[in-house]
Amino acid sequence: MSVLGDLQRMGHEEVVIVQEPTSGYRAIIAVHSTRLGPATGGTRFWPYATMDEAMTDVLRLSRGMTYKNAVAGLALGGGKAVIIGDPHMSAGREALFLAHGRAVNRLQGRFITAEDVGTRPADFEIAARETPYVAGFGGRGGDPSPWTALGVVRGIEAAAAYRWGSSDLTGKHVVVQGCGNVGGAVALHLRERGAVLTVSDTEGARAAACAAAVQGRVVEPAMVYDVEADIFAPCAMGAILNDDTIPRLRVEVVAGAANNQLLRPDHADAVAARRILYVPDYVINAGGVISGSVALLGETPERMAQRVHDIHDTVRLVLELADRNGVNPAAAADQLAESRLQQREE
Ligand code: NAD
């Protein structure tokens, strides 16, 4: 793999590889873009098998953050960090996150980070002893999940209006995959709006509790793609829209919180070919990153909440753009992000 070639193609501003032999800290920090503001994105802690794998992930994820923040209308750029190691480690974790704090601090505010897969708020309280450029823990951000869930529901309403001419979800049957922090809250919001729920989780007890809370039913995780319903809301893991699952879907709309739902970009065409309306993941799940604007940009909580509600309008805009430009919604979202970045440059 040619890292410099990838950097040029994807347009990264700066990529830092850091190693601290005393603590065992090994990380890559990728600043994709600071055009709209400081590069902001989570720190992923993962046992990557090779350095190439870690590099591919951080380059892709950091660019994704640029696009997500641009479409959300935030004055934030895109970045990401990956720490290579065992995310379950406890001995030596403090030294690791102090080292991470120092590495982040050397970028002098060009990169601001918070939790992601494998990291938790306590890690950033440790890192905060070395740098002010961390967020996502008590007093500096807090739990983004409720805001992500609210944004997802506003996006579902926009998709319903686009497909059926009304955002009213009364009687609409929604299948929610994953009853975690976001999926569980999405199911509750939908129930409040009169939707009928089918839920699924690999943790059986969690699925049962969620179904009870929303008077819904439970479906086995393996069968979730086969349920005949109006809307499928993926709120668990990525790559669930693929060659196996797309032909099985019996819904009209796919709209949920999970990141990287498409296994490959062309799977968005495969979904469209089945006349299923796909709401791009990074557009509809931006509520969490938007909630960080209070701590990061000094926005009022009221303005932040309004921005989360406005995900409704952003989803509608993306769906309209897709139709107008004859592209799938994922490509339309990328076009919108690129035009916002371009405008800023001019
Ligand atoms: P979570 O870990 O709280 O919940 C995920 C749930 O999915 C768990 O209950 C887990 O048991 C379940 N699950 C895993 N594999 C499953 C499968 N095959 N079938 C059914 N259920 C399965 O995570 P979360 O914070 O709710 O995030 C959910 C998704 O939303 C993730 O993809 C995450 O990246 C994305 N997301 C979350 C936020 C946020 O604010 N938390 C923001 C943006 C995107």
Side-chain angles (χ1 to χ4, degrees), residues 18 23 25-32 38-48 54 57-58 60-62 64-66 68-69 72 74 76-90 92-105 107 109-152 178 180-185 235-238 257-260 281-282 285-297 304 308:
V18 209
S23 61
Y25 170 73
R26 282 193 309 151
I28 311 175
I29 302 176
V31 173
H32 177 257
T40 309
T43 293
R44 184 163 291 197
F45 193 2
W46 197 251
Y48 294 100
D57 214 25
V58 78
R60 193 176 53 86
L61 292 167
S62 56
M65 287 308 302
T66 299
K68 181 173 188 160
N69 290 336
L74 295 171
L76 295 172
K80 198 89 181 183
V82 295
I83 300 177
I84 300 154
D86 174 10
H88 302 296
M89 63 136 28
S90 49
R93 196 173 181 102
E94 184 179 0
L96 209 72
F97 280 90
L98 286 172
H100 191 47
R102 285 190 289 276
V104 169
N105 202 48
L107 290 163
R110 285 166 48 72
F111 174 61
I112 303 172
T113 193
E115 64 204 276
D116 192 72
V117 177
T119 56
R120 38 192 192 244
D123 296 330
F124 295 91
E125 285 185 41
I126 294 168
R129 298 194 329 237
E130 298 282 359
T131 182
Y133 305 118
V134 288
F137 53 86
R140 230 188 274 176
D143 182 6
S145 309
W147 295 106
T148 304
L150 179 61
V152 166
N181 291 321
V182 180
C235 298
M237 67 306 181
N259 276 313
N260 303 318
D281 44 24
Y282 72 78
N285 73 14
V289 75
I290 291 173
S291 73
S293 66
V294 176
L296 298 178
L297 299 172
M304 180 276 283
V308 175

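On a predicted model such as this, the values are computed, not experimentally measured, just so you know.
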Does Asp123 have any salt bridge (Lys or Arg N to Asp or Glu O under 4.0 Å) partners at least two apart in sequence or in another chain, and if so, which?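 Applying salt bridge (Lys or Arg N to Asp or Glu O under 4.0 Å) to Asp123 gives Arg93.
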By side-chain contact (heavy atoms from CB on, under 4.5 Å), which residues pair with Ala54, not counting sequence neighbours?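 Here the qualifying residues are Ile28, Tyr48, Val82, Ile84.
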Results of ring-ring contact (aromatic ring centres under 6.0 Å, His included) for Tyr133 - residues two or more places apart only: none
Could you pull out all residues at least two apart from Pro132 that satisfy side-chain contact (heavy atoms from CB on, under 4.5 Å)? Asn105
How would you list, by chain and number, every residue that makes a side-chain contact (heavy atoms from CB on, under 4.5 Å) with Ser23, sequence neighbours excluded? Glu20, Tyr25, Ala95, Ala99
For the pair Asn69 (side chain) and Leu74 (backbone), establish whether a donor and an acceptor sit closer than 3.5 Å, ignoring hydrogens and angles. no
Can you list everything that forms a side-chain contact (heavy atoms from CB on, under 4.5 Å) with Pro38? Sequence neighbours excluded, please. Leu76, Ile112
Hits for side-chain hydrogen bond (donor to acceptor under 3.5 Å, both in side chains) against Thr113, two or more places apart or cross-chain, chain-then-number order -> Thr43
Enter the distance from Asp57:CG to Arg44:CZ here, rounded to the nearest 0.5 Å. 5.5 Å
Does anything in residues 80-89 pair up under side chain to side chain donor-acceptor pair (under 3.5 Å), and if so which pairs, sequence neighbours excluded?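 Of all non-adjacent pairs touching residues 80-89, those that pass side chain to side chain donor-acceptor pair (under 3.5 Å) are Lys80-Asp116.
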Does the side chain of Asn285 come within less than 4.5 Å of Lys68's, by heavy atoms? yes
Hits for side-chain hydrogen bond (donor to acceptor under 3.5 Å, both in side chains) against Thr40, two or more places apart or cross-chain, chain-then-number order -> none
Can you check whether Asn181 reaches Thr148 side chain to side chain, under 4.5 Å on heavy atoms?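 No, their side chains stay 4.5 Å or more apart.
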My understanding is that only residues two or more places apart in sequence, or in another chain, count here; which of them pass salt bridge (Lys or Arg N to Asp or Glu O under 4.0 Å) with Arg120? none
Could you pull out all residues at least two apart from Ser293 that satisfy side-chain hydrogen bond (donor to acceptor under 3.5 Å, both in side chains)?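 Listed in chain order: Glu299.
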